[in-house]
2 protein chains.
Amino acid sequence: MISLTEENYLKELFNLSSESGEVNVNELSKRLEIKMSTVTSMMKKLAEKELVHYESYKPLKLTEKGKIEAGLIIRKHRLTEMFLVEKMGFGWEDVHEIAEQIEHIQSVGFFEKMDEQLGYPTIDPHGSPIPDKNGKIVWPTYSKLSECKAGETVRLSAVINTSSEFLKFLNVREMKLGLKIKIKSIEIFDKSMEVSYGKKPSETLSNIVCERLLVEKEGRF
Amino acid sequence: MISLTEENYLKELFNLSSESGEVNVNELSKRLEIKMSTVTSMMKKLAEKELVHYESYKPLKLTEKGKIEAGLIIRKHRLTEMFLVEKMGFGWEDVHEIAEQIEHIQSVGFFEKMDEQLGYPTIDPHGSPIPDKNGKIVWPTYSKLSECKAGETVRLSAVINTSSEFLKFLNVREMKLGLKIKIKSIEIFDKSMEVSYGKKPSETLSNIVCERLLVEKEGRF
DNA sequence: ATATAAAGTTAGATTAATCTAACAAAAATA
DNA sequence: TATTTTTGTTAGATTAATCTAACTTTATAT
Ligand SMILES: [Mn+2]
Ligand SMILES: [Mn+2]
Ligand SMILES: [Mn+2]
Ligand SMILES: [Mn+2]
């Protein structure tokens, strides 16, 4: 009923809404690398199917039905990434491209088997939450590392940018989810952080990097 | 370069060629459930891409290049079926539909990981050979059970019809690959066979069933 | 406030994959 | 051999998804 192409629009619209609140045609167009005129037509089609609220020149919004459908596609994407890492031995930098395709497989049983074999995981290999079977998603209350203060000790919980390049950058520095990071000091000039973690007594992380790392403060409970 | 649709045509053309030698437009049309006129157009397109030899009113033939491409798709299909059975716990009757979709995933690494995790299997869950990385396929010398004689003991090596209904029929009768079957007698009238296997001292198999079971004779070596 | 730039829409064209209907060739039957 | 049936092709229409080009609306800058 929903085509592969439509699924990609719904998913990207959902992701953009989470990131930036309001979504306009231009943004979605850039993200999907599809011309604005095409996006406009597709929005009208999805509005016809009651998956999107569409009014000319207004920001784009998913309907409740649209949010659920998008959530279910993202669920399949993230379950797949988890399966690829946990059960097939891929690195977290290699799974997104494959999941981008497998998320469109039409088979309830296939994803149920994955879910079961993984022990019903709630986060994917990049720390993003996996929507439940009703397509509902809840983001844990993470903070950006860049917003933390000197002296704090935090735990790396998720990464925002999941580009292969960024993830390889983290691999080289031996950073992975669950890592305990101590903020030694923050350079006022460029907001870079001097931190220590694992076997590394001192590493410098640029603000660009710190903006992309989501952490939980230690000893909250 | 080769679309999902084109892949399905190539694969079905390959399969039909193996089964019945010559393939005509009508057969391929029925198998794909696509009208003959559409098949004709597609054959012209595939001829343009040098994947098929096409001449009006002549039987359809894959080129060498076409055979290799088809073999590689079938390889992905069968590796997937094996993975679904061996690593994900599906029954052999449930894997074809899913493999029909996953065979089109574009990722060398994905199928290499499957292959590796499965220990480089050479046959799929239905006993069909898995083409090698060059798309080459070799069928072992199996015989149809229907062609065996009374008194012979054979080993079930493959099933021809892989419809879910037939495989469930075999499940009910506790028949699976590797099973040793003794042919007690053959009814001349309808060619049905009385056989014994596993814990079953006597079962009757219709000729329709025996035509679909491929076996190896015991004690060949 | 006006001009310019950016964002968004509409109209019309294109490509892939499909169909129906009319026609043509080949095969089977009488 | 002549007729009928089956198989195959061609022409033209349709749908989904895309594009370019022209135009309009909204936002930004002077
Ligand atoms: Mn991803
Ligand atoms: Mn996708
Ligand atoms: Mn199969
Ligand atoms: Mn397929």
Side-chain angles (χ1 to χ4, degrees), chain A residues 1-14 16-17 19-62 66 69-70 73 100-101 103-106, chain B residues 1-14 16-17 19-62 66 69-70 73 100-101 103-106:
Chain A
M1 207 64 233
I2 301 177
S3 72
L4 182 150
T5 307
E6 290 167 340
E7 288 192 340
N8 282 333
Y9 277 87
L10 288 177
K11 193 184 58 154
E12 236 23 72
L13 190 43
F14 187 103
L16 274 173
S17 306
E19 290 167 28
S20 42
E22 296 222 320
V23 184
N24 50 40
V25 174
N26 193 238
E27 278 178 288
L28 186 53
S29 162
K30 278 176 190 150
R31 186 67 79 91
L32 293 167
E33 296 182 90
I34 284 173
K35 293 285 175 292
M36 276 199 290
S37 59
T38 309
V39 171
T40 300
S41 323
M42 183 55 88
M43 288 308 108
K44 287 177 178 173
K45 204 213 294 191
L46 293 178
E48 207 60 46
K49 294 191 175 185
E50 305 195 330
L51 293 162
V52 165
H53 293 297
Y54 175 75
E55 285 183 88
S56 306
Y57 302 106
K58 296 267 163 66
L60 304 171
K61 287 187 72 170
L62 288 169
E69 292 298 338
I73 301 157
E100 200 61 43
Q101 299 177 61
E103 67 192 359
H104 305 291
I105 298 293
Q106 304 287 325
Chain B
M1 207 63 234
I2 301 177
S3 73
L4 182 151
T5 307
E6 290 167 340
E7 287 191 342
N8 282 333
Y9 278 86
L10 286 177
K11 193 184 58 155
E12 235 26 71
L13 190 43
F14 187 104
L16 274 172
S17 305
E19 290 166 28
S20 40
E22 297 223 320
V23 184
N24 50 39
V25 174
N26 193 239
E27 278 178 288
L28 186 53
S29 162
K30 279 177 189 148
R31 185 67 79 94
L32 293 168
E33 297 182 271
I34 284 173
K35 294 284 175 291
M36 275 200 289
S37 58
T38 308
V39 172
T40 300
S41 324
M42 183 57 87
M43 288 307 109
K44 287 177 178 175
K45 204 214 292 194
L46 293 178
E48 206 60 45
K49 294 190 176 186
E50 305 196 328
L51 294 161
V52 164
H53 293 297
Y54 175 76
E55 284 183 89
S56 306
Y57 302 106
K58 296 268 163 65
L60 304 171
K61 287 188 70 169
L62 287 169
E69 292 298 336
I73 301 157
E100 200 61 42
Q101 299 178 62
E103 69 191 358
H104 305 291
I105 298 292
Q106 303 288 324

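So you know, we letter chains A, B, ... as the sequences are listed, proteins then strands, and number each from 1.
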Separation of [X] atom [atom1] from [N] atom [atom2], in whole Å?
X	N	atom1	atom2	value
A:N8	D:dA16	CG	P	17 Å
A:L60	C:dT9	CG	C1'	13 Å
B:K58	C:dA27	NZ	P	10 Å
B:E55	D:dT7	CD	C1'	17 Å
B:M42	D:dG8	CE	C1'	17 Å

For [X], enumerate each residue passing the side-chain hydrogen bond (donor to acceptor under 3.5 Å, both in side chains) test, keeping only those at least two apart in sequence or located in another chain.
X	value
B:N24	none
A:E19	A:R31
B:K49	B:E6

### Summary
Symbol by symbol from the 5' end, with Watson-Crick or G-U pairs under 3.5 Å, [ ] crossing and | another strand, DNA chain C is ||||||||||||||||||||||||||||||
### Task
Would you kindly compare A:T5 and B:T40 by the position of their nearest DNA chain D nucleotide and give the one closer to the 5′ end?
B:T40
#### Entry: Contacts of B:E27 that satisfy salt bridge (charged side-chain N to carboxylate O under 4.0 Å, His left out) - sequence neighbours left out
none
### Summary
Note: contacts of residues 22-30 of chain B with DNA chain D (heavy atom, under 4.0 Å) are B:N24, B:V25, B:N26
### Query
Under a 4.0 Å heavy-atom cut-off, which of residues 32-39 of chain A touch DNA chain D?
A:I34, A:K35, A:S37, A:T38
For nucleotides 23-26 of chain D, tabulate all protein N/O to nucleotide N/O atom pairs closer than 3.5 Å, reporting atom names and distance.
| from | atom 1 | to | atom 2 | distance (Å) |
| --- | --- | --- | --- | --- |
| D:dT25 | O4' | A:Y57 | OH | 3.4 |

For residues 50-59 of chain B, tabulate all N or O donor-acceptor pairs below 3.5 Å that involve a side-chain atom, not counting sequence neighbours.
none

### Counterpart residues, side-chain contact (heavy atoms from CB on, under 4.5 Å), relative to A:T5 (two or more places apart)
A:S3, A:Y9, A:M42
### Message
Could you work out, with side-chain contact (heavy atoms from CB on, under 4.5 Å) as the rule, every residue matching B:S37, not counting sequence neighbours?
### Response
B:K35
## Note on the structure
The reported gap from CD in A:E12 to OG in A:S17 (rounded to nearest 0.5 angstrom) is 10.0 Å
### Query
Measuring from B:I2:CD1 to B:I73:CD1, what's the distance to the nearest 0.5 Å?
6.0 Å
### Main-chain N/O of B:L16 paired to B:S20 side chain as donor or acceptor, under 3.5 Å
yes
Quick test: give all pairs of protein nitrogen or oxygen and nucleotides 12-15 of chain C nitrogen or oxygen below 3.5 Å, distance rounded to 0.1 Å.
none

### Task
Could you point out which residue of B:N26, B:L32, B:I34 forms a side chain to side chain contact (heavy atoms under 4.5 Å, CB included) with B:K30?
B:N26
